[in-house]
Amino acid sequence: MRRTVTLSALAAVLAATAAGSALAVGSGSQPEPKRASAADREQRRGTLLDRVPERGVLRVCTTGDYRPFSHRDPKSGTYTGIDIKMAGDLAKSLDAKPSFVPTTWATLVDDLAAGRCDVGMGGVSVTLARARQASFSEPYLTDGKTPIVRCEDKDRYRTLEDIDQPGVRVVVNPGGTNEQFARAHVTQATLTVHPDNTTIFDEIIEGRADVMMTDASETRYQSAIHPELCAVHPDQPFSFSEKAYVLPRGDAQFKEYVDQWVHLATHDGTYQKYEDEWMKR
């Protein structure tokens, strides 16, 4: 009897030792679980189609430097523009209010991917590079790069060959498709990057630059508010592009909703109304 008890006790001690060793080995070989980021936790709560109405706020990343789509007044901080109005319309359809998140052209997609906003708006061109990190809504505008110059030079800079000549001064804003296009096509002219897209057209007006190549929609607007400037063949731009709203990857329900909203807004007069308010100023 005593032998049986002793053997049982020994077995219990050995089992406890083995279990302790296993726990020690397991705790040493298994790294601590990675703590989820705020964006990851938000994503796990489901589609933005549900979360935005629950939150009551639609977070909109926008650069605020691209009229007529998005402009931030430096004194008041107020945002205006076609896509600012569209953001308000989208938010209202989701029983929410828009909250504008400042971003730049270089960081727009990264800010969206990091969960700092729900949608990117403000004249964003669809590109394959951006599409690798984000989704795009149905396009709402067809566009393309074209020159804007002083009106006395409108017949001088009509082709890329005319522009890319020694002595021609091309100015461009940083971080977006304008800079990409200019660097791809300007090899002989002087290319200057101007950091402020809200004052870049003054460089041409004041004679410090000769040409800027930007979206035809922007050249139409800038030539309308600056009589010194002329858009060069905006109906026949050098390139083809489309503008759309940038959405997080992987949220099919939210994308389907925004697609339907864009489709309706571009066919029921909503977008046209907001565009006319700006283009007819």
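One is the number of the first residue; the rest follow in order along the sequence. Computed over heavy atoms, backbone and side chain alike; hydrogens, waters and symmetry mates excluded.
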Inset, instruction - Could you give me the CA-CA distance, side-chain angles and deciding distance for Y140 and M86, then say whether side chain to side chain contact (heavy atoms under 4.5 Å, CB included) is met? - result: CA-CA 11 Å; Y140 62 88; M86 288 289 282; 5.7 Å; no

Legend entry - Flag for T219-T146: side-chain donor and acceptor within less than 3.5 Å: no

Inset, instruction - Before giving the answer on side chain to side chain contact (heavy atoms under 4.5 Å, CB included), spell out for T177 and T127 the whole-Å C-alpha distance, their side-chain angles and the decisive distance to 0.1 Å. - result: CA-CA 8 Å; T177 57; T127 69; 3.6 Å; yes

Inset, instruction - Evaluate whether atom CD of E161 has more than 12 neighbouring non-hydrogen atoms of other residues, nucleotides or ligands under 6.0 angstrom away. - result: no

Legend entry - Hydrophobic cluster membership, Y79 vs I82, 4.5 Å side-chain cutoff: yes

Legend entry - Value rounded to 0.5 Å, distance of CG in L94 from OH in Y257: 4.5 Å

Legend entry - Whether R59 side chain and V52 backbone form a donor-acceptor pair below 3.5 Å: no

Inset, instruction - Identify whether the distance between the nearest side-chain nitrogen and carboxylate oxygen of K243 and D215 falls below 4.0 Å. - result: yes

Inset, instruction - Indicate if F254 and V101 have the same hydrophobic cluster label, given that clusters are the connected sets of ILVMFWY residues with side-chain heavy-atom separations under 4.5 angstrom. - result: no

Legend entry - Spacing of CZ belonging to R67 relative to OH belonging to Y221, to within rounding of 0.5 Å: 5.0 Å

Legend entry - T103 side, atom OG1; D65 side, atom CG - distance, nearest 0.5 Å: 10.0 Å

Inset, instruction - Check whether any side-chain heavy atom of I84 lies under 4.5 Å from a side-chain heavy atom of F100, and answer yes or no. - result: yes

Inset, instruction - Write down the atom of P139, the atom of V262, and the distance for their closest heavy-atom approach. - result: O-CG1, 4.0 Å

Legend entry - Closest contact, heavy atoms only, V258 versus S137: CG1-CB, 3.9 Å

Legend entry - Atom pair CE (M121) and CG (L112), whose distance is rounded to the nearest 0.5 Å: 12.0 Å

Inset, instruction - Please report the shortest heavy-atom distance between T159 and F238, naming the atom on each side. - result: C-CZ, 3.8 Å

Legend entry - Flag side-chain contact, heavy atom, 4.5 Å: M279 against P68: yes

Legend entry - Salt-bridge contact D259-K255 (side-chain N to carboxylate O under 4.0 Å): yes

Inset, instruction - Answer whether the closest heavy-atom distance between the side chains of L160 and M213 falls below 4.5 Å. - result: yes

Inset, instruction - Kindly say whether L48 contributes a backbone atom to a donor-acceptor pair with the side chain of R55 at under 3.5 angstrom? - result: no

Inset, instruction - Give the minimum heavy-atom separation between A244 and V126, together with the two atoms involved. - result: CB-CG2, 3.7 Å

Legend entry - K145 side chain to P237 backbone, donor-acceptor under 3.5 Å: no

Inset, instruction - State, yes or no, whether a side-chain contact exists between R220 and D235 at a heavy-atom distance under 4.5 Å. - result: yes

Inset, instruction - Take S217 and E275 through the test side chain to side chain contact (heavy atoms under 4.5 Å, CB included) and record every step on the way to the result. - result: CA-CA 10 Å; S217 53; E275 183 180 65; over 6 Å; no

Inset, instruction - Establish, from distance only, whether the side-chain atoms of D143 and S241 form a donor-acceptor pair under 3.5 Å. - result: no

Under 3.5 Å donor-acceptor pairs involving side-chain atoms of residues 184-195, not counting sequence neighbours:
residue : atom : partner : partner atom : Å
H185    : ND1  : F181    : O            : 2.9
T187    : OG1  : D164    : OD2          : 3.0
H194    : NE2  : T199    : OG1          : 3.0

Inset, instruction - Answer yes if the side chains of E256 and Q253 hold a donor-acceptor pair under 3.5 Å, and no otherwise. - result: no

Inset, instruction - Could you go through the side chain to side chain contact (heavy atoms under 4.5 Å, CB included) check for V149 and V232 one step at a time? - result: CA-CA 7 Å; V149 302; V232 181; 3.9 Å; yes

Legend entry - Residue pair N178 / T214, side-chain donor-acceptor N/O under 3.5 Å: yes

Inset, instruction - Check for a donor-acceptor pair, side chain of R150 on one end and backbone N or O of A209 on the other, with a separation under 3.5 Å. - result: yes

Legend entry - Any side-chain heavy-atom pair of W105 and P174 under 4.5 Å: no

Legend entry - Derivation and outcome, side-chain hydrogen bond (donor to acceptor under 3.5 Å, both in side chains), residues T78 and D73: CA-CA 5 Å; T78 302; D73 186 282; over 6 Å; no

Inset, instruction - Look at the side-chain heavy atoms of Ile, Leu, Val, Met, Phe, Trp and Tyr, link any pair under 4.5 Å apart, and say whether I148 and V170 land in one connected group. - result: no

Inset, instruction - Could you check if a side-chain atom of T62 sits within less than 4.5 angstrom of a side-chain atom of D83, using non-hydrogen atoms only? - result: no

Inset, instruction - Under the salt bridge (Lys or Arg N to Asp or Glu O under 4.0 Å) rule, what do D268 and K273 come out as? Steps first, then yes or no, please. - result: CA-CA 10 Å; D268 66 7; K273 178 181 67 175; over 6 Å; no

Inset, instruction - Spell out, as yes or no, whether a donor-acceptor pair under 3.5 Å connects the side chain of E179 to the backbone of G175. - result: yes

Inset, instruction - Nearest 0.5 Å please: distance from the CD1 atom of I225 over to the OG atom of S223. - result: 9.0 Å

Inset, instruction - Kindly indicate whether the side chain of I204, heavy atoms from C-beta on, has any atom under 4.5 Å from the side chain of Q222. - result: no

Inset, instruction - Pick out which of M212, K154, H233 makes a side-chain contact (heavy atoms from CB on, under 4.5 Å) with P147. - result: H233

Inset, instruction - Only one of D111, D110, T107 passes side-chain hydrogen bond (donor to acceptor under 3.5 Å, both in side chains) with R116; say which it is. - result: D111

Inset, instruction - Measure the spacing between CD of Q165 and CD1 of I163 and express it to the nearest 0.5 Å. - result: 10.0 Å

Inset, instruction - Quick one: closest heavy-atom pair of G120 and L108, and the distance? - result: CA-CD1, 4.2 Å

Inset, instruction - State, yes or no, whether a side-chain contact exists between T270 and D89 at a heavy-atom distance under 4.5 Å. - result: yes

Inset, instruction - Determine, using the 4.5 Å side-chain heavy-atom cutoff (strictly less than), whether V172 and Y66 are members of one ILVMFWY cluster. - result: no

Inset, instruction - Heavy atoms only: give me the nearest P227-C151 pair and the separation to one decimal. - result: O-SG, 3.5 Å

Inset, instruction - Please check if F136 and F69 belong to a single hydrophobic cluster, counting links between Ile, Leu, Val, Met, Phe, Trp and Tyr side chain heavy atoms closer than 4.5 Å. - result: yes

